[in-house]
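To keep things clear, I will list the structure first and then write my remarks on it.
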Number of protein chains: 2
Amino acid sequence: MHDPFETEDDLLLPDAEGAAERPRSITLKDVARLAGLSPITVSRALHNPKLVKPDTIARVKEAAAAMGYIPNMLAGSLTTKRSQLIAAVVPQLSNSMFAETVQGLNDELSAHGYQLLLSLSNYSRQKEEDLLTAILSRQPDGVVLTGITHHPAVRKKLLATGIPVVETWDLTPSPIDIAIGFSQERIGEQVAQYLLGKGYKRFASICARDERAIRRREALEAELARHDIAPLATHLATPPTTLNLGREALRAILAAGHAPEVIVCSSDVLAQGALIEATVQGISVPDQLGIMGFGDFDFSAHTHPPLSSVHIDKRAIGVQAARSLIARIEGKALREKVIDVGFRLIERGTTRTIV
Amino acid sequence: MHDPFETEDDLLLPDAEGAAERPRSITLKDVARLAGLSPITVSRALHNPKLVKPDTIARVKEAAAAMGYIPNMLAGSLTTKRSQLIAAVVPQLSNSMFAETVQGLNDELSAHGYQLLLSLSNYSRQKEEDLLTAILSRQPDGVVLTGITHHPAVRKKLLATGIPVVETWDLTPSPIDIAIGFSQERIGEQVAQYLLGKGYKRFASICARDERAIRRREALEAELARHDIAPLATHLATPPTTLNLGREALRAILAAGHAPEVIVCSSDVLAQGALIEATVQGISVPDQLGIMGFGDFDFSAHTHPPLSSVHIDKRAIGVQAARSLIARIEGKALREKVIDVGFRLIERGTTRTIV
DNA sequence: CTGTTAGCGCGTTCAA
DNA sequence: TTGAACGCGCTAACAG
């Protein structure tokens with residue numbers, strides 16, 4: 001097969017001074033002219049080869065390659081009403097669990113010919129709403145949101161466009177369209193029960209200023225309350241949660257004179273920070289202090305001692321979101337609009353093993 | 001101001017069965033009709049208000065809000081040839097330094113009204129090339145790539161379109177368009193010199209199978225060779241680099257009977273793993289074993305002992321990439337096509353302080 | 001300040 | 001199996 005570029009020895013270099021004068025781009029028409037066909041035949045040869053004679057296809061492909069033809073999807077999507085674009089809004093990428101979800105989402109979308117338009121809301125409802133308008137103006141085939149609480153206009157706009165939507169990292173009986181996540185409340189409750197079962201009585205927590213983390217903590221405290229236990233202290237940390245925030249939080253809690261038996265963290269990153277701080281201060285974990293994390297990061301099994309945590313399949317949330325969206329776009333009926341990916345308490349070395 | 005949605009009590013719910021029948025979307029024409037104006041006036045009122053009388057603008061805005069009008073950017077971009085879209089290709093997001101760069105890129109782009117089309121290449125040149133075609137078909141105003149080595153077709157296509165391009169995380173005298181990064185070679189060399197200066201003689205390394213990491217290691221070994229030192233062992237790890245990979249690597253190196261004085265890691269994540277493994281094995285760091293990381297992650301200053309590392313401003317690479325691209329798009333002349341963001345050796349507790 | 005005309009590049013629809 | 005006409009929704013260019 002011949003090199004499609006061998007005749008191109010006159011490539012234009014981008015212009016260093018001022019706006020680059022882009023060469024007028026090659027269109028379907030140009031290819032058609034070279035191949036001696038009509039534009040529509042070229043279009044079909046490229047996207048719907050069954051309708052075209054094999055040698056015509058060959059002629060088209062050769063012409064397209066020779067000219068370095070790249071289709072203009074803006075124009076295509078304008079007619080077909082399909083953009084092959086999925087938009088996702090997550091709070092943050094640095095130091096967050098969402099990077100894994102975005103990775104999963106991307107991988108699955110990519111495998112199905114979709115592309116990802118990514119926006120970061122920085123945990124701001126207003127920002128999310130602003131982003132959404134810009135997003136919808138790109139006519140995405142689907143939208144992935146983080147969480148279930150949004151600016152009221154978000155729900156309204158999304159319902160008005162009728163576009164498939166997945167809300168992630170949480171569950172709700174009344175999703176905008178589809179929800180894929182897990183119950184914060186059940187986690188809080190089960191963590192409480194687990195730790196109570198271990199005989200812990202004096203609780204503290206280090207919690208990110210993140211709506212879901214807060215709901216988990218509230219559920220935990222509610223369960224403690226049912227056992228007549230009030231938490232000693234809660235330290236709030238603004239995301240992104242870093243290891244140092246965990247260290248500082250534990251330091252602050254201890255400096256305030258609290259002596260918790262166990263400390264519940266809203267992220268393993270914070271938990272690892274607490275673990276290091278405890279180690280540095282000569283507090284033995286788990287003998288003198290238990291530490292419970294969240295997220296089961298891939299470092300969590302390998303700290304010393306390894307972190308007890310709550311496992312969430314962060315990647316699966318993204319993969320599943322992509323699948324549901326694609327199914328919806330392709331008109332397949334969904335088995336369920338609310339998918340619970342669950343969670344698993346992981347007992348490791350930072351919580352005591354004997355009661 | 002009146003609620004734009006209060007008259008909308010007939011929102012269509014997405015159809016659970018089969019493809020959603022989307023309501024025909026509201027266009028500029030619809031808004032124009034309601035406002036009693038021509039479409040172009042509405043367009044101007046929305047995007048070029050200086051050309052329009054204030055009360056006309058008010059009428060337009062009211063009509064647009066009442067109808068829940070969302071512009072169709074595909075159509076707009078088709079005419080203007082400007083998509084307000086920047087495409088970025090990075091190898092991975094999970095557990096990688098690129099998440100920070102993407103975050104910086106996004107934040108800066110977002111502040112200037114651009115959106116981000118994100119693709120992940122999984123360190124594959126071929127995948128990058130495949131992605132690029134899909135990317136270019138969206139008519140992005142600019143492209144951000146990771147690294148300076150690409151499939152030959154990548155350079156060709158990019159030059160042919162004349163689109164602004166930034167290559168990141170590395171430097172080269174001959175970028176496709178713009179390069180923003182740092183010199184792998186100088187890092188390898190300086191790390192070698194720094195460690196030699198500390199009196200280390202027996203070196204091992206844990207290195208990701210990543211082109212840039214490998215070049216850093218090679219530069220380090222070249223510098224060692226100049227001092228007649230051959231490294232004892234190199235352990236290669238496939239990205240994403242996890243803490244456990246670092247632990248395993250150190251274990252493997254020791255099990256093979258090597259007794260390095262210092263171990264150079266291509267990422268702080270690996271370094272932290274090595275640190276933990278050393279601690280677990282009762283090897284005192286830095287007394288019996290020095291550990292040098294790379295990347296200066298935000299946990300690195302807070303491990304115990306804190307990690308010596310090479311600081312890279314990962315976020316700045318993204319921010320700077322956005323700025324250069326935007327400048328280019330707006331036709332401003334760039335001061336330089338190759339921007340060295342530099343690096344800084346950070347001496348902390350995992351390398352010995354006395355010679 | 002506002003409107004008319006034309007066309008961006010493509011795919012749907014209908015016809016041959 | 002191929003083609004012609006048309007329109008997707010918008011804005012540039014020109015007019016008034």
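Worth knowing before you read on, the calculation uses all heavy atoms, side chains too, and leaves out hydrogens, waters and symmetry mates. Letters A, B, ... mirror the listed sequences (proteins, then strands); counts begin at 1.
Going from atom NZ of B:Lys81 over to atom P of D:dC10 covers 17 Å, rounded to whole Å. Distance, B:Ile26 CD1 to D:dC10 P: 11 Å, rounded to whole Å. Remark: C1' of C:dT2 and CZ of B:Arg59 are 11 Å apart, rounded to the nearest angstrom. Rounded to an integer number of Å, the gap from NZ of B:Lys53 to C1' of C:dG3 is 14 Å. Protein atom CG of A:Leu78 is 13 Å distant from nucleotide atom P of C:dC8, rounded to whole Å. One interatomic measurement links the two molecules: CG of A:Leu74 to P of C:dG9, which rounds to 10 Å at whole-angstrom precision. A:Ile57 has its CD1 atom 9 Å from the P atom of D:dT1, to the nearest Å. In this structure, A:Arg82 atom CZ and C:dG9 atom P are separated by 23 Å, rounded to whole Å.
Of the side-chain N and O atoms in A:Lys50, none sit less than 4.0 angstrom from OP1 or OP2 of D:dT1.
Looking only at atom types and distance, the side chain of B:Arg315 has no donor-acceptor partner in the side chain of B:Gln103 under 3.5 Å away. For the residue pair B:Ser119 and B:Lys127, no side-chain donor N or O sits within less than 3.5 Å of a side-chain acceptor on the partner. Between the side chains of A:His150 and A:Glu128, at least one donor N or O sits under 3.5 Å from an acceptor N or O. Between A:Arg82 and A:Ser77, the side chains place no donor N or O within less than 3.5 Å of an acceptor N or O (distance only, hydrogens not considered). Counted by atom type alone, A:Lys81 and B:Ser25 present zero donor-acceptor pairs between their side chains at under 3.5 Å.
Remark: the backbone N or O of B:Ala75 is paired with a side-chain donor or acceptor of B:Asn72 at under 3.5 angstrom. No donor-acceptor pair closer than 3.5 Å links the side chain of A:Ser324 to the backbone N or O of A:Ala321.
Comparing D:dC10, D:dG3, C:dG9 by their closest approach to the side chain of B:Thr27 singles out D:dC10. Of the candidates C:dG3, C:dC10, C:dC1, C:dC1 carries the atom nearest the B:Pro54 side chain, counting heavy atoms from C-beta on. Residue A:Thr56 places its side chain closer to D:dT1 than to any other of D:dT1, D:dC10, C:dT2.
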Checklist outcome for this item: Protein heavy-atom contacts under 4.0 Å, written 5' to 3' over nucleotides 11-16 of chain D as B (base), S (sugar-phosphate only) or - (none), form the string BBB---
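Place A:Ile70 and B:Leu51 on DNA chain C by their nearest nucleotides, and B:Leu51 ends up nearer the 5' end.
For the segment residues 29-36 of chain A, no residue has any heavy atom less than 4.0 angstrom from an atom of DNA chain C.
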Next on the checklist: For A:Asp177 and A:Leu158: C-alpha separation, side-chain torsions, deciding distance, then whether side chain to side chain contact (heavy atoms under 4.5 Å, CB included) applies.
Outcome noted: CA-CA 9 Å; A:Asp177 186 10; A:Leu158 254 9; over 6 Å; no
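A:Arg44 has its side chain out of reach of A:Ser38: every pair of non-hydrogen atoms, C-beta onward, lies at least 4.5 Å apart.
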